[in-house]
Amino acid sequence: MLELQENRAILEAIKECNENGKAASRDWITFNLRDISFILTNQQVRKRLDLLEVKEYIIKRRGRAGTKITEKGLNYLYYLKAKQNCIINRSIY
């Protein structure tokens with residue numbers, strides 16, 4: 001369950017950065033995650049990004065190109081949001 005929450009937080013951070021016309025760096029993602037109480041080191045973020053890239057949810061590039069979310073990644077993010085909303089709604093009733 002924690003892995004899904006981390007994936008959602010990372011993908012959300014990348015999506016937000018990309019929507020602002022920027023590519024996300026590991027440092028930026030790490031900093032952004034701390035704002036929402038996910039404390040991950042740069043190395044931990046790197047490892048999670050590697051896993052997300054293997055699944056084709058993101059594209060990692062060097063330097064200024066940074067990390068970008070793919071269409072498949074956006075669909076996965078929307079799935080994770082819907083799944084979390086479903087869990088929250090079940091716990092309310």
Side-chain angles (χ1 to χ4, degrees):
M1 187 62 116
L2 183 59
E3 179 184 347
L4 295 178
Q5 291 172 340
E6 287 176 352
N7 285 346
R8 179 182 174 190
I10 291 169
L11 289 172
E12 191 72 55
I14 295 168
K15 177 179 170 272
E16 178 185 320
C17 194
N18 291 173
E19 286 175 345
N20 290 324
K22 299 175 184 174
S25 68
R26 277 193 315 274
D27 289 335
W28 189 89
I29 294 167
T30 302
F31 180 76
N32 188 278
L33 292 176
R34 287 185 182 166
D35 284 348
I36 58 171
S37 299
F38 273 100
I39 308 301
L40 298 175
T41 66
N42 257 0
Q43 186 61 33
Q44 289 171 315
V45 170
R46 179 191 307 241
K47 200 166 189 122
R48 272 121 180 121
L49 290 177
D50 287 343
L51 295 172
L52 292 171
E53 184 178 39
V54 167
K55 294 177 182 178
E56 300 178 346
Y57 297 146
I58 62 166
I59 297 172
K60 289 188 321 183
R61 296 212 171 96
R62 298 182 124 205
R64 290 182 176 248
T67 303
K68 297 190 178 185
I69 192 166
T70 64
E71 190 68 35
K72 188 174 179 180
L74 285 172
N75 291 334
Y76 180 59
L77 177 60
Y78 298 141
Y79 163 77
L80 291 174
K81 285 181 177 183
K83 186 173 182 168
Q84 185 176 19
N85 287 340
C86 183
I87 292 169
I88 290 170
N89 288 338
R90 268 196 234 152
S91 67
I92 292 174
Y93 297 107

Review point. Which atom names give the shortest non-hydrogen contact between A13 and W28, and what distance separates them?
Key: O-CZ3, 3.1 Å
Point to revise | Minimum heavy-atom distance between A23 and A65, given as atom pair plus value | key: CB-O, 2.6 Å
Study note, to complete from the structure: Sorted by chain and residue number, the salt bridge (Lys or Arg N to Asp or Glu O under 4.0 Å) partners of R48 (sequence neighbours excluded) come out as E6
Practice item. Check whether L4 and L77 end up in the same hydrophobic cluster, where Ile, Leu, Val, Met, Phe, Trp and Tyr are linked by side-chain heavy atoms less than 4.5 Å apart. Key: yes
Review point. Would Y79 end up clustered with I10 when hydrophobic side chains under 4.5 Å apart are linked, directly or stepwise?
Key: yes
Check your understanding: Tell me the salt bridge (Lys or Arg N to Asp or Glu O under 4.0 Å) pairs involving residues 65-75, sequence neighbours left out?
Key -> E56-K72
[X] side chain near [Y] side chain, heavy-atom distance below 4.5 Å:
{"X": "T67", "Y": "R61", "result": "no"}
{"X": "N32", "Y": "E16", "result": "yes"}
{"X": "Y78", "Y": "L11", "result": "no"}
{"X": "I59", "Y": "I69", "result": "no"}

Practice item. Check step by step if side chain to side chain contact (heavy atoms under 4.5 Å, CB included) holds for N42 and I29. Key: CA-CA 9 Å; N42 257 0; I29 294 167; over 6 Å; no
Review point. How long is the span from the OG1 atom in T70 to the CD atom in E53, to the nearest 0.5 Å?
Key: 10.0 Å
Taking only residues two or more places apart in sequence or in another chain, which ones pass side-chain contact (heavy atoms from CB on, under 4.5 Å) with [X]?
{"X": "K55", "value": "E3, Y57"}
{"X": "R62", "value": "none"}
{"X": "E19", "value": "K15"}

Solution key, residues 33-41 side-chain donor-acceptor pairs under 3.5 Å, sequence neighbours excluded:
from	atom 1	to	atom 2	distance (Å)
T41	OG1	Q43	N	3.4
T41	OG1	Q44	N	3.1
T41	OG1	Q44	OE1	3.4

Point to revise | Exam field: side chain N18 to backbone K22, donor-acceptor pair closer than 3.5 Å | key: yes
